[in-house]
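Counting starts at 1 for both ligands and their atoms, following the listed order.
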Amino acid sequence: MTIKETVKKHTNELKFVTHIPAKEIEILMMFLLEKNTIWLHINYNEEFKKEKELEKLVKKRATNYPIEYLTNKASFYGEIFIVKEGVLIPRPETELLIDNALEILKDKKETVNILEIGTGSGIISVMLALLIKDVKIIAVDINEKALELAKQNAIKHNVEDKIEFRLSNLYENVSETNIDLTISNPPYIANDYKLPLNVAYEPSNALFGGSVGDELLKDIIKHTNERNIEYLLCEMGYDQKNPLTKYLEQFNTKSFTFYQDYEKFDRGFTIQFNK
Ligand code: GLN
């Protein structure tokens, strides 16, 4: 069977789990063949020799299993990252955190010291290390598997000298006093929220933030303030702007602003504390 015929044959099997079923079959084929789109289309009428392997992958994908876990790849901010089951898959809206950090740090002359809480696959720290010349980053996570993967991503992008990966629950193992900015996309979903099928394959310790959902965010705000760190940038849930605005009243902030994601949902904030 040719590549073209194989795509046709399997497309229907994925139409309930994605709105781009044919494209996803091609992605799985390119993964198996270790080829890119151009190659695939030039060879569209050639025989496809990995039908058995493809069948297995399509079957798994048809259960809503994320394609990123099948191919061990995801793109973020224009770069390719390694992803693995057990660690959160990068989301496009998290790119906004990077933009916000760059905006704040663009005029800084000296070395910038950044702490990332909950680094997961390392996407945020690796991107900041790629985009900021003079930077030192401490990236923490409670998940050893995530730290290992994040390190692999740092090595892949040649920024391992700029990032120290450390096992820590929030600020627990962080005693540095020179941090300029903390950045985090922490777990912020309420524990009893029923996840969509595809998200349910991702680790719950990367998703659930407590019975309300914003508990870890509040904890991070409190400790960032106590440690005299000037900036805090976080992602949050679409319904957390009001409770967090209220929570922030007790702190001495210079400013706090909320931002929306590409779909116009409230998605995060930047706080500048008065030092
Ligand atoms: N920092 C990683 C990301 O934004 C992991 C976040 C998490 O696991 N909650 O994708």
List of N/O pairs, ligand 1 versus protein, all under 3.5 Å?
| unit_1 | atom_1 | unit_2 | atom_2 | d |
| --- | --- | --- | --- | --- |
| ligand 1 | 1 (N) | Glu116 | OE2 | 3.1 |
| ligand 1 | 1 (N) | Gly118 | O | 3.0 |
| ligand 1 | 1 (N) | Thr119 | O | 3.2 |
| ligand 1 | 4 (O) | Asn185 | ND2 | 2.8 |
| ligand 1 | 9 (N) | Asn185 | O | 2.9 |
| ligand 1 | 9 (N) | Ala206 | O | 3.0 |

Arg91 pairs by salt bridge (Lys or Arg N to Asp or Glu O under 4.0 Å) with which of Glu263, Glu235, Glu202?
-> Glu202
Return the set of residues passing salt bridge (charged side-chain N to carboxylate O under 4.0 Å, His left out) with Glu24 (not counting sequence neighbours), or none when no residue passes.
-> Arg61
Backbone N or O of Met236 within a donor-acceptor pair of the Arg267 side chain at under 3.5 Å?
-> yes
When you check the side-chain N and O atoms of Tyr44 and Glu26, is any donor under 3.5 Å from an acceptor?
-> yes
Got a sec, which residues hit ring-ring contact (aromatic ring centres under 6.0 Å, His included) with Phe81, two or more places apart in sequence or on another chain?
-> His157
State which residues pass ring-ring contact (aromatic ring centres under 6.0 Å, His included) with Tyr69; sequence neighbours excluded, sorted by chain then number.
-> Tyr65
